[in-house]
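One structure is given below, encoded as structure tokens.
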Protein chains: 2
Amino acid sequence: MSSVAKKTAGTGAPETGSSSQATAERIPAAQRRELILEAATGVFAERGYAGSTTDRVAKAAGISQPYVVRMFGTKETLFLEALDRAQGKLLRAFRDVIAAYDAGELAEELQHLDPAAGSGRPGQLKQLMAIAYADLVADRGILMMLMQAFVAGHEPAIGARAREGFLDIYRLVRDEAGLSPETVRDFLAQGMLMNTLIGIRLPEVYEQDPTAEELLECTLRSKLPMVLKASKAQRRAG
Amino acid sequence: MSSVAKKTAGTGAPETGSSSQATAERIPAAQRRELILEAATGVFAERGYAGSTTDRVAKAAGISQPYVVRMFGTKETLFLEALDRAQGKLLRAFRDVIAAYDAGELAEELQHLDPAAGSGRPGQLKQLMAIAYADLVADRGILMMLMQAFVAGHEPAIGARAREGFLDIYRLVRDEAGLSPETVRDFLAQGMLMNTLIGIRLPEVYEQDPTAEELLECTLRSKLPMVLKASKAQRRAG
DNA sequence: GCTTGTTGTAATCGAATGATTACTTAAAAG
DNA sequence: CTTTTAAGTAATCATTCGATTACAACAAGC
């Protein structure tokens, strides 16, 4: 039992093509880790912590379930790492906007802002960050991952991390963008509304329901077309 | 095997006292139904759809698990009925505020409103409804039940019901309170933020974290003491 | 070639869970 | 008192799921 039928029977082609390969391509653990976290983010975002299985994450990542468990130890640890990753991406997106604004690199974007919402640095940054947030909304993974953590507060470890993460975001917007607490509150509130509209999949009924249309247009504004497009793409993907 | 040891051995006292009775008190199905829905609301609010078990609901209602399943057919049906009930309570709370306002019964409450937020009917109603919402937040059951439905959109039946419910609330606030779409949006956004702060249990770290303190005060305003009190009470209850 | 560590899977196990079946027992009907 | 109906449970079943164990195969060092 050697030297014959080493990997796949029949053709010598490695099975990197489509789904359900017998054995995944060998790649370094660090890269595999990131692939699993990416897959886990999508799965957890869609189905929540309790509703997700390590096997579904494994299938989404193209590997076997035991490998997922061995690499992260427990499902909870996997969730927490995916959560940290998502929070990090959100913080980075906000910091990038602030840095670009302060470097004067957003002259073009400033033309499209609403002057009524404030023409100083805080007012403009608030609008620019809202746009950055809507860009992330289109993804559906990052922000719904956070949202799922916010409603999983009964799991002690997840609740604690979610609290810390939310307060981190609050402080970033308040201190680095320089918004007043009330303005930060309104900014976060708009974000939570966007999350909710995405969570209930309102874009999917945009064309059939005038009320949904009005609420989406009023909330997402210029970012609506992009979100609708992403919604359709993700429905095709399943 | 008759006439002796009919219900409980030993004392003839019926076991209506505390928890874990062998057989629950017999009450009409309609009343039992409401008790189960009340219990289910608390359980689903806390742990979400996937994270809740029919057995936990049964224990919270003081009856056996098979009875829960037989009365509602499936866990999904139970969730949908609890969701309808929660939505109904929210809609009724808003309608009550509007009716009381239009009947001139809220003269005392009007004294405490912020004149800067609008002194016409829409502006005053928006503030009064926000207060009514915060009253519900203190409960933690009703609103988190809705929130859990909002993030369970991947379950087709739940997602559809959640969409309809959200749009019902939107239309109510827009048409019956007479707010503009933008004002309704801001109103709903504040509500979603409150839900989120409750979801991550921010009131539980109010005293230990100055940032949490600032955000909670800024969001809940006059209703903060009540929410903090409710938070402590629910922590004691577990 | 031989060894060794890394990447990966198949098989399986125990606990949890939604649902079903069959059975009690209190109360209403006659 | 007897019968019937409604309220409720114990026992159990088939799945599902997170985790564990044991093993296979590829690559690098020697």
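Proteins get letters first, then strands, A, B, ... in listed order; numbering begins at 1 in each.
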Does B/Thr54 put a side-chain nitrogen or oxygen below 4.0 Å from OP1 or OP2 of C/dG18? yes

Output yes when at least one side-chain N/O atom of B/Thr23 is less than 4.0 Å from OP1 or OP2 of D/dG8, else no.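 The answer is no; no side-chain N or O of B/Thr23 sits under 4.0 Å from OP1 or OP2.
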
Starting from [atom2] on [N], measure out to [atom1] on [X] and report it in whole angstrom.
| X | N | atom1 | atom2 | answer |
| --- | --- | --- | --- | --- |
| A/Phe72 | D/dA19 | CZ | P | 13 Å |
| A/Tyr67 | C/dA11 | OH | C1' | 19 Å |
| A/Ile27 | C/dT9 | CD1 | C1' | 15 Å |
| B/Arg47 | C/dT17 | CZ | C1' | 14 Å |
| A/Gln65 | D/dC17 | CD | C1' | 8 Å |
| A/Arg33 | C/dT6 | CZ | C1' | 15 Å |
| A/Phe44 | D/dC17 | CZ | C1' | 13 Å |
| A/Lys59 | D/dT16 | NZ | P | 12 Å |

Would you say the side-chain atoms of B/Thr211 and A/Arg171 include a donor-acceptor pair closer than 3.5 Å?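 Yes - a donor-acceptor pair under 3.5 Å links their side chains.
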
Between A/Tyr170 and B/Glu214, do the side chains contain a donor N or O and an acceptor N or O under 3.5 Å apart?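 Distance-only check passes for B/Glu214 and A/Tyr170.
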
So which one's nearest nucleotide on DNA chain C is more toward 5', B/Arg26 or B/Tyr49?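 Final value for this comparison: B/Tyr49.
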
Proximal nucleotide (of D/dT21, C/dT20, D/dA7) relative to the B/Ala29 side chain: D/dA7

Report the nucleotide, chosen from C/dT9, D/dT9, D/dG18, that has the shortest atom-to-atom distance to any side-chain atom of A/Pro66.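 The nucleotide sitting nearest to the side chain is C/dT9.
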
Mind listing the side-chain donor-acceptor pairs of residues 62-73 of chain B below 3.5 Å, one per line with the distance, residues two or more places apart or on another chain?
from	atom 1	to	atom 2	distance (Å)
B/Gln65	NE2	B/Thr54	OG1	3.2

Apply the side-chain contact (heavy atoms from CB on, under 4.5 Å) test between B/Tyr206 and each candidate in B/Lys232, B/Glu217, B/Arg201; give the one that qualifies. B/Glu217

Base, sugar-phosphate, or nothing for B/Ser64, non-hydrogen atoms under 4.0 angstrom?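 Base contact.
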
Need one value for B/Arg70: base, sugar-phosphate or nothing, where a base atom within 4.0 Å counts as base even if backbone is also close, heavy atoms only.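 Here B/Arg70 touches the bases of the nucleic acid.
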
Not counting sequence neighbours, list each pair that qualifies as a ring pair (Phe, Tyr, Trp, His ring centres under 6.0 Å) and has a residue in residues 138-165 of chain B. B/Phe150-B/Phe166

